[in-house]
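Some notes on the structure that comes next.
The structure displayed is predicted, hence computed values, not measured ones.
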Amino acid sequence: MERETGTMTRIAKPTIDVAAVRRDFPILAREVHGKPLVYLDNAATSQKPRAVIDAVSGYYESANANVHRGVHTLSVLATEMYEGAREKTRALVNAAETAEIVFTRGTTEAINLVASSFGQARVRPGDEVVISAMEHHSNIVPWQLLCQRAGAKLRVVPMEKSGDLRLDEYRKLLNERTRIVAVAHVCNSLGTVNPIAEMIAIAHERDIPVLVDGAQAVPHFRADVRALGADFYAFSGHKMFGPTGAGVLYARRALLETLPPYQGGGDMIASVTFEKTTYNVLPHRFEAGTPDIAAAIGLGAAIDYMDALGSDAIEAYEGELVAYAVDALSSIPGVTLVGTPKHRVGVVSFTIEGVHPHDAGMILDHEGIAIRAGHHCTQPVMDFYGVPATNRASFAFYNTRDEVDRLVGAIAKVREVFKS
Amino acid sequence: MSDMRELYQEMILDHHKHPRNFGRLTGANRHAEGFNPLCGDRVTVYALVDGDSIRDLSFEGSGCAICMASASVMTDELAGKSVDDAEQLFVKFHDLVTGESAKEPDLDVLGKLAVFMGVREFPVRVKCATLPWHALRAALKDGEKAPVSTE
Ligand SMILES: Cc1ncc(COP(=O)(O)O)c(C=O)c1O
């Protein structure tokens with residue numbers, strides 16, 4: 001909030017020079033079907049700034065080698081760059097040490113890692129795993145698989161029509177059989193920001209660890225794993241302006257140390273004989289095989305890029321933009337927003353009366369506008385609202401009010417074609 | 001927008017808004033479900049088959065305009081035809097919407113089905129148009145098996 005304070009001059013709000021930012025993203029200059037691209041599918045994957053693209057190609061052009069393997073110059077260089085990206089990632093989420101940052105392929109692999117290793121160590125027949133009604137399939141299916149394997153039970157925190165979780169029910173679901181809670185920080189189909197710190201505190205009253213799916217949070221605001229108290233925090237580099245192929249599992253050291261390895265292979269070992277293998281130190285114990293080195297380095301560049309913009313500026317800019325989009329979309333006759341959460345970032349889901357999202361999505365595409373039409377890998381959320389699919393516009397800091405206006409105009413064309 | 005009008009012909013919009021033969025067919029002795037996991041389109045086709053003859057057809061489900069209209073027109077056009085005719089029409093319809101065949105579409109034989117010709121300009125929508133047909137063929141083949149999927 002801006003305000004006058006005594007003799008101080010007005011404190012400028014942190015802000016984003018969106019025209020300059022857009023020039024950093026080469027793809028935003030392209031056209032689709034002869035119209036300037038309006039990219040509103042950021043929740044699926046974000047676009048990449050030049051700095052990230054250059055970091056990846058620069059690595060391949062001047063430093064490519066395997067990591068943690070050799071004494072030769074390139075291997076040392078590649079290892080430094082890869083481990084440098086780990087340090088940047090640690091700083092991003094404010095983890096205590098880099099040993100707590102495991103690189104994975106993405107959020108999905110991070111969650112599978114925990115479901116597998118933690119499940120093996122801690123989940124027994126009759127135990128319970130708690131997730132929520134608004135999880136992405138990748139935070140449902142690994143737990144279902146674990147529950148089937150272990151003979152455990154999956155419990156689901158329900159939500160309100162608004163798309164807010166029911167904390168009263170959440171409290172009631174936790175009991176002495178609950179082994180872990182796994183919940184999204186931000187819901188990818190509704191944009192709900194869940195009260196994660198509070199949910200973690202409630203679970204910790206019973207010493208239940210919590211995994212947070214931060215895939216849709218990290219692109220929009222700072223997630224401080226220690227301030228939140230998260231035990232596990234998972235996210236994907238490609239949704240936060242980095243390349244595909246590198247994601248992150250933050251895990252508290254005390255917990256990570258107790259977990260058995262996930263995959264076996266090179267890099268995760270200290271020594272191997274046919275009789276016995278001793279495992280490598282954290283985090284390498286959980287990174288079997290050659291990782292996606294270039295993607296991790298690209299992720300590091302993406303973190304630098306976001307740092308340079310500043311998380312306050314990103315939050316302020318996107319907050320206004322998404323509020324504008326919510327207003328604009330909800331005032332179109334025949335358009336209904338799906339989910340009206342108390343606290344929202346990044347995502348607006350909606351339906352158009354009489355028009356299936358698949359049809360709308362294609363007509364919008366012909367106007368140069370990329371949105372997502374479908375169930376967004378959250379079928380239970382679609383079932384909850386009784387719709388097979390929604391249209392989802394999802395935003396990043398390079399989107400503009402102009403683009404929202406183009407979306408609104410194109411929806412009018414959709415209704416024209418359908419005479420709805 | 002003109003290419004959109006090519007795709008979303010009046011007749012398609014009409015069948016989408018007012019689907020014919022919608023609902024479970026009483027007395028049906030065959031049915032099968034088609035599902036497109038990509039977009040969530042879901043169609044169940046019911047058939048009353050007597051020997052080689054398709055006495056009656058209906059469908060249920062939810063999906064995009066192309067899929068729903070395709071199911072509606074298909075059930076309208078095929079009721080009363082023989083199972084062989086249906087199979088031949090499927091091949092012609094498939095050629096029509098994919099544009100794969102070098103031959104000009106046989107518009108006389110296709111009749112009302114020809115309205116889906118615009119789909120060939122939009123390869124991602126071919127599955128929407130053909131999903132009800134895949135369900136129909138599954139129903140005619142063996143009736144009660146697992147849902148067919150376009151993937
Ligand atoms: C909330 C949420 N969790 C998990 C995922 C899966 O991420 P990835 O496909 O990068 O593993 C997504 C991606 O859509 C998501 O939005």
For this session: Please tell me if the side chains of A:Lys413 and B:Met4 come closer than 4.5 Å, counting only heavy atoms from C-beta onward.
Result: no
Problem set entry | More than 12 heavy atoms of other groups within 6.0 Å of A:Arg105 CZ | no
For this session: Flag yes if more than 12 heavy atoms outside B:Glu104 fall under 6.0 Å of its CD atom; otherwise flag no.
Result: no
Exercise. Tell me the ring-ring contact (aromatic ring centres under 6.0 Å, His included) pairs involving residues 48-74 of chain B, sequence neighbours left out?
Worked result: B:Phe22-B:Phe59
For this session: Tell me, for B:Gln9 versus chain A, whether the close heavy atoms (under 4.5 Å) come from the side chain, the backbone, both or neither.
Result: neither
Problem set entry | Heavy-atom contact with chain A under 4.5 Å, split by part of B:Cys67 | neither
Exercise. B:His16 and A:Phe418: side chain to side chain contact (heavy atoms under 4.5 Å, CB included), yes or no, with the steps?
Worked result: CA-CA 10 Å; B:His16 161 58; A:Phe418 273 78; 3.7 Å; yes
For this session: With rounding to the nearest 0.5 Å, note down the distance linking CG in A:Asp359 to CD1 in B:Ile12.
Result: 10.0 Å
Exercise. Would A:His356 and B:Asp41 count as a side chain to side chain contact (heavy atoms under 4.5 Å, CB included) if you check the C-alpha gap in whole Å, the side-chain angles of each, and the deciding distance to 0.1 Å?
Worked result: CA-CA 10 Å; A:His356 192 276; B:Asp41 287 355; 3.8 Å; yes
Exercise. Taking all atoms of both residues into account, what is the closest heavy-atom pair of A:His358 and B:Cys64, and its distance?
Worked result: CB-CB, 3.8 Å
For this session: State the OH-CE distance between B:Tyr8 and A:Met362, to the nearest 0.5 angstrom.
Result: 4.0 Å
Problem set entry | Intermediate values then yes/no, side chain to side chain contact (heavy atoms under 4.5 Å, CB included), A:Lys419 and B:Lys17 | CA-CA 10 Å; A:Lys419 302 184 179 64; B:Lys17 268 193 189 155; 4.1 Å; yes
Problem set entry | CZ/A:Arg149: more than 12 non-hydrogen atoms of other groups inside 6.0 Å | yes
Problem set entry | Part of B:Ile66 lying under 4.5 Å from any heavy atom of chain A | both
